[in-house]
Amino acid sequence: MSTERRVPWIIKYRPKRIEEVVNQEEAKMKFVSWLRKWPNVQKRAALLYGPPGCGKTSLVEAAANEFGYELIEMNASDFRRKTDIERIAKRAATTSSLFGSAKKIILLDEVDGISGREDSGGLEAILQLIKISPSPIVMTANDPWDQSLKPLRDASEMIKFDRLKKQDVVRVLRRICEAEGLMCEEEALEYIAERSEGDLRSAINDLQAVGEGYGKVTLSLVKALVRPRDREHDPFETLKNLFSAKYAWQAKMALSQSQLDYDQLRLWLLDNIALQYTDPEDRARAYEALSRADIYMGRIIKTGDWDLLAYAIDMMTAGVAMAAKNNPKDKYRWVKYTFPQRLTLLARTKEVRAIRDDLARILASHLHISTSLAKSEIIPLLHVVFMTNPEYAAKLAVGLGLSEKMIEFLAGPEKTTVLKYYREFKEAIQRQALQQAISTQQVAKPEKEKPKPSTKTSKKVKSETKSSLLSYLKK
Amino acid sequence: MSSEKFAELLWAEKYRPKSLKEIVNQEEIVRRLMKFVEEKNMPHLLFAGPPGTGKTTTALALAHDLYGEEWRKYVLELNASDERGIAVIRTKVKEFARSKLPGDVPFKIVLLDEADNMTADAQQALRRLMEMYVETTRFILIANYPSKIIEPIQSRCAVFRFTPLKKEDVIARLKWICEQENVECYQDALEVIYEISGGDMRKAINILQAAAALGSVTVAHVYKVVGLAHPREIREIVHLALAGKFIEARDKLRNLMVNYGLSGTDILKQMHREIFSADLRIPEDVRVELADYIGEIQFRIVEGADDEIQLTALLAKMALLGKKIGYTA
């Protein structure tokens with residue numbers, strides 16, 4: 001089978017020229033004339049809005065392609081701080097294109113995503129970017145009418161996209177069927193188009209799911225597979241559809257119709273396979289499939305060979321769905337699925353992990369070892385020392401130059417005791433240094449002839465001496 | 001200095017030999033290296049041998065003897081498993097090579113630890129680096145497995161093979177440290193430390209120090225320290241998985257990875273030890289089968305993208321195997 005078939009069709013059949021963008025004649029005219037005049041325009045940004053899958057992004061891409069702009073795509077969620085904006089604007093202004101063209105379009109997809117966000121910083125950042133950007137800014141949105149987006153609307157040329165008509169969608173689907181050499185029933189295409197509610201992207205995805213999975217597109221197949229999408233399926237529906245899939249292509253479609261991408265799906269499966277399947281052998285089979293998928297992912301990362309993605313997806317969808325051989329009834333069990341616990345755990349332990357990593361770096365540099373060895377070999381031993389001998393632990397903390405947070409991490413329940421000693425020792429060292437400095441002065445020795453420091457700690461003492469001496473003199 | 005009353009270092013650092021003269025074992029290696037110091041010239045070096053046999057110590061001591069107390073200025077220390085790819089290494093080496101040369105020695109040293117953790121491609125790039133800066137820098141590569149270093153690098157280096165330390169050498173060193181520290185220690189305890197550390201001097205000294213922190217180095221203290229430090233979690237995970245308590249085993253595993261920061265490979269190695277322990281009552285042929293699973297998963301971790309997925313798949317297999325043999329905890 002040719003490798004092209006594994007490219008998502010929405011990418012493979014993306015319009016390359018403006019005329020290939022289906023319908024939307026008014027929007028095309030308005031956008032093209034705005035773009036050609038830029039920067040001599042009233043509004044320095046354009047906001048393309050309309051229902052999903054009606055060609056907003058496609059038009060921008062096609063126009064960029066046709067007029068030789070380089071497209072710089074940004075996710076609206078990248079906009080949080082002012083520095084981000086400056087960085088992006090700078091990049092837009094200075095990066096020379098690979099293809100030598102100096103013209104650029106900055107594309108911000110789905111800006112309505114930021115309206116619901118609590119921080120309004122993102123919005124201000126975009127407005128700022130519009131003001132300073134040396135290149136045209138083009139934004140897309142499904143629903144630009146949120147109150148909070150008013151400043152953005154005011155700053156932008158508003159370009160409306162209409163929902164595609166059923167016959168427009170059918171025409172595109174038919175063309176793809178011909179190009180792919182697929183046997184397609186006209187009624188099947190109509191059915192897909194009807195259900196897509198004018199969303200060409202989802203219609204093409206449906207067509208690919210059926211066509212690739214089954215080799216032909218008939219009305220009966222489509223009826224069994226394509227359900228009205230009142231949006232993409234949330235993770236819970238996705239898991240239900242995947243596990244309960246009777247055929248391999250159904251399992252594959254569960255992913256293609258999901259909000260989850262394959263990366264997220266992996267994590268959701270990691271937690272939920274064990275909840276769905278109860279038989280040990282079924283579980284082992286399902287996790288084996290997930291493990292195989294993960295190996296393909298690893299090879300993709302290593303080799304950059306994205307052709308392998310198809311196999312990874314096969315394994316994690318169909319492979320998992322077909323694993324329930326001993327207890328096939330498990331497939332249809334109602335299960336309260338869980339959010340990937342790793343993500344929750346990582347979010348909750350972020351601070352502690354940062355402390356641990358810093359600690360590992362300190363130990364690694366003292367002992368000339370790798371940080372992973374510090375974590376697996378040294379930190380566990382230090383835990384023991386810190387929990388069993390607080391006084392000695394405090395000395396180690398002083399000697400190694402650990403922070404109080406690190407001490408808390410190592411000492412756990414004993415942290416108050418260790419910290420008490422630690423502060424005492426630090427004070428004592430300071431006091432000692434101060435006394436030494438005073439006595440040195442009293443004997444009127446020149447400062448250079450201080451006793452030669454013998455250890456790292458005493459070096460620290462030396463600098464502390466200076467500062468404490470200063471504050472002493474100020475008194 | 002009296003501040004030592006309030007500050008302490010890790011003994012593995014405190015008692016690390018500073019000069020080649022202080023290194024007692026590995027006499028042949030030391031003799032040849034001293035020759036380099038004398039001539040103030042040396043080729044690239046490859047130090048190979050098991051962990052804790054003095055490779056890093058010897059390299060640092062060599063640098064110390066070459067450059068004197070200021071040696072740190074003329075040595076760039078890199079650990080291949082901590083650096084993010086050969087590109088970073090290249091940048092650091094490039095920058096380092098530009099810095100000033102020491103007065104009387106015509107080269108500086110790049111010390112690259114765990115070099116055998118680099119991929120073959122990265123090693124090829126490393127080889128070019130070694131050639132590019134050979135005028136002003138010498139590389140000392142440190143590796144556990146010399147066979148994992150590509151042939152062209154090996155042929156450009158003088159290879160030094162570090163042999164495992166003798167039991168009496170390790171124990172004598174531990175005893176000597178206890179004397180310096182005024183810590184009571186018992187011969188049988190030191191022998192236990194040697195066994196546990198498998199001849200790895202650094203590991204032995206670390207265990208010694210932790211045991212000493214409990215008051216004295218006795219057999220009981222050594223076991224206590226090692227028991228606490230190497231959490232029973234891994235043993236429990238194996239038990240739970242074999243007993244079919246898959247979800248509990250999986251939760252513990254995740255906790256170990258996230259909260260302890262253990263890598264998949266760390267965990268697999270400990271599991272491997274665990275399945276051969278007498279405490280685990282399973283038929284002998286099952287131990288072999290488990291070892292094979294674990295080995296397969298370690299291989300996959302190298303190939304794969306996500307440690308936890310691979311280890312979870314292993315737990316699922318263990319649960320299946322546990323069911324077949326009717327394992328109960």
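Everything numeric in this text was worked out from a predicted model, so none of it was measured. The sequence lines fix the lettering, A, B, ..., with proteins before strands; numbering per chain opens at 1.
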Problem set entry | Under 4.5 Å from any heavy atom of chain B - which part of A:Asp271 | both
Exercise. Just checking, is any N or O donor in the side chain of B:Glu303 or A:Tyr296 under 3.5 Å from an acceptor N or O on the other one?
Worked result: no
For this session: Would you mind reporting whether B:Glu114 and A:Ile369 have side-chain heavy atoms less than 4.5 Å apart?
Result: no
Problem set entry | Heavy-atom contact with chain B under 4.5 Å, split by part of A:Leu270 | both
Exercise. Counting heavy-atom pairs under 4.5 Å to chain B, which of A:Lys375, A:Arg299, A:Glu391, A:His383 comes out on top?
Worked result: A:Arg299
For this session: Mind listing the closest non-hydrogen atom pair of A:Val398 and B:Ala7 along with its distance?
Result: CG1-CB, 3.8 Å
Problem set entry | Contact class of A:Leu373 relative to chain B, heavy atoms under 4.5 angstrom | side chain
Seminar exercise, completed: Interface check, chain B: of A:Met297, A:Arg342, A:Met387, A:Arg292, most non-hydrogen pairs under 4.5 Å belong to A:Arg342
Problem set entry | Interchain contact, B:Leu60 with chain A, by part (heavy-atom threshold 4.5 Å) | side chain
Exercise. For B:Val225 and A:Val385, what are the C-alpha separation, side-chain angles and deciding distance, and is it a side-chain contact (heavy atoms from CB on, under 4.5 Å)?
Worked result: CA-CA 8 Å; B:Val225 159; A:Val385 173; over 6 Å; no
Seminar exercise, completed: With chain A, the option among B:Ala319, B:Ala316, B:Ala210, B:Gly322 that has the most non-hydrogen atom pairs under 4.5 Å is B:Ala316
Exercise. Does the pair A:Glu288/B:Lys317 count as a salt bridge with the N-to-O cut at 4.0 Å?
Worked result: yes
For this session: Supply the atom-to-atom distance A:Leu367 CG to B:Arg16 CZ, rounded to the nearest 0.5 angstrom.
Result: 6.5 Å
Exercise. Which answer fits A:Ile378, side chain, backbone, both or neither, if we ask what part of it has an atom under 4.5 Å from a heavy atom of chain B?
Worked result: side chain
Exercise. Hey, mind stepping through A:Leu381 and B:Val226 against side-chain contact (heavy atoms from CB on, under 4.5 Å) and telling me if it holds?
Worked result: CA-CA 8 Å; A:Leu381 284 171; B:Val226 175; 5.7 Å; no
Exercise. Is it the case that B:Asp82 and A:Ser370 place a side-chain donor and acceptor less than 3.5 Å from each other?
Worked result: no
Problem set entry | B:Phe246 and A:Tyr287 aromatic centres sub-6.0 Å | yes
Problem set entry | Winner by heavy-atom pair count (cut-off under 4.5 Å) against chain B, out of A:Tyr392, A:Tyr422, A:Tyr421 | A:Tyr392
Seminar exercise, completed: dist A:Leu345:CG -> B:Asn255:CG (nearest 0.5 Å) comes out at 6.5 Å
Problem set entry | B:Thr312 side, atom OG1; A:Leu290 side, atom CG - distance, nearest 0.5 Å | 8.0 Å
Exercise. Considering only heavy atoms from C-beta outward, does the side chain of A:Glu281 approach that of B:Lys323 to under 4.5 Å?
Worked result: no
Seminar exercise, completed: So CD of A:Glu427 and CZ of B:Phe6: to nearest 0.5 Å the spacing works out to 11.0 Å
For this session: Side chain from CB out, backbone as N, CA, C, O: work out which of these in B:Ser263 comes under 4.5 Å of a heavy atom of chain A, or both, or neither.
Result: neither
Problem set entry | Side chain / backbone / both / neither for A:Arg356 at chain B, heavy atoms under 4.5 Å | side chain
For this session: Inspect the surroundings of CZ in A:Phe339 and state if more than 12 heavy atoms from other residues, nucleotides or ligands are less than 6.0 Å away.
Result: yes
Exercise. Taking atom CG of B:Leu314 and atom OG of A:Ser291, what is their separation to the nearest 0.5 Å?
Worked result: 9.5 Å
Problem set entry | Side chain, backbone, both or neither of A:Thr349 within contact of chain B (heavy atoms, under 4.5 Å) | side chain
For this session: Indicate the atoms forming the closest heavy-atom contact of A:Ala284 with B:Leu320, along with that distance.
Result: CB-CD2, 3.9 Å
Exercise. Under 6.0 Å from the NZ atom of B:Lys224, do we count more than 12 heavy atoms belonging to anything else shown?
Worked result: no
Problem set entry | Distance-minimising heavy-atom pair for A:Asn389 and B:Ala213 | ND2-O, 2.6 Å
Exercise. So what's closer than 4.5 Å to chain B heavy atoms on A:Leu382: side chain, backbone, both or neither?
Worked result: side chain
Exercise. Considering only heavy atoms, which portion of B:Asp113 lies under 4.5 Å from any heavy atom of chain A: side chain, backbone, both, or neither?
Worked result: side chain
For this session: Side chain from CB out, backbone as N, CA, C, O: work out which of these in A:His368 comes under 4.5 Å of a heavy atom of chain B, or both, or neither.
Result: both
Problem set entry | Part of A:Ile379 within contact of chain B (heavy atom distance under 4.5 Å) | neither
For this session: Verify side-chain contact (heavy atoms from CB on, under 4.5 Å) between A:Leu267 and B:Glu308, making sure each step is shown before the conclusion.
Result: CA-CA 10 Å; A:Leu267 290 185; B:Glu308 195 190 341; 5.8 Å; no
Exercise. Given a strict heavy-atom distance threshold of 4.5 Å, which part of B:Asp266 is in contact with chain A: side chain, backbone, both, or neither?
Worked result: side chain
Exercise. So, B:Asp121 and A:Lys302, do they make that salt bridge, N to O below 4.0 Å?
Worked result: no
For this session: Nearest 0.5 Å please: distance from the CG atom of A:Asp294 over to the CZ atom of B:Arg300.
Result: 9.5 Å
Problem set entry | Greatest number of heavy atom pairs closer than 4.5 Å to chain A - which of B:Thr57, B:Asp306, B:Ile207 | B:Asp306
Exercise. Can you name the one residue among A:Gln341, A:Arg348, A:Arg353 that meets side chain to side chain contact (heavy atoms under 4.5 Å, CB included) with B:Val258?
Worked result: A:Arg353
For this session: Against chain B, label A:Val384 side chain, backbone, both or neither, depending on which of its atoms sit under 4.5 Å from a heavy atom there.
Result: side chain
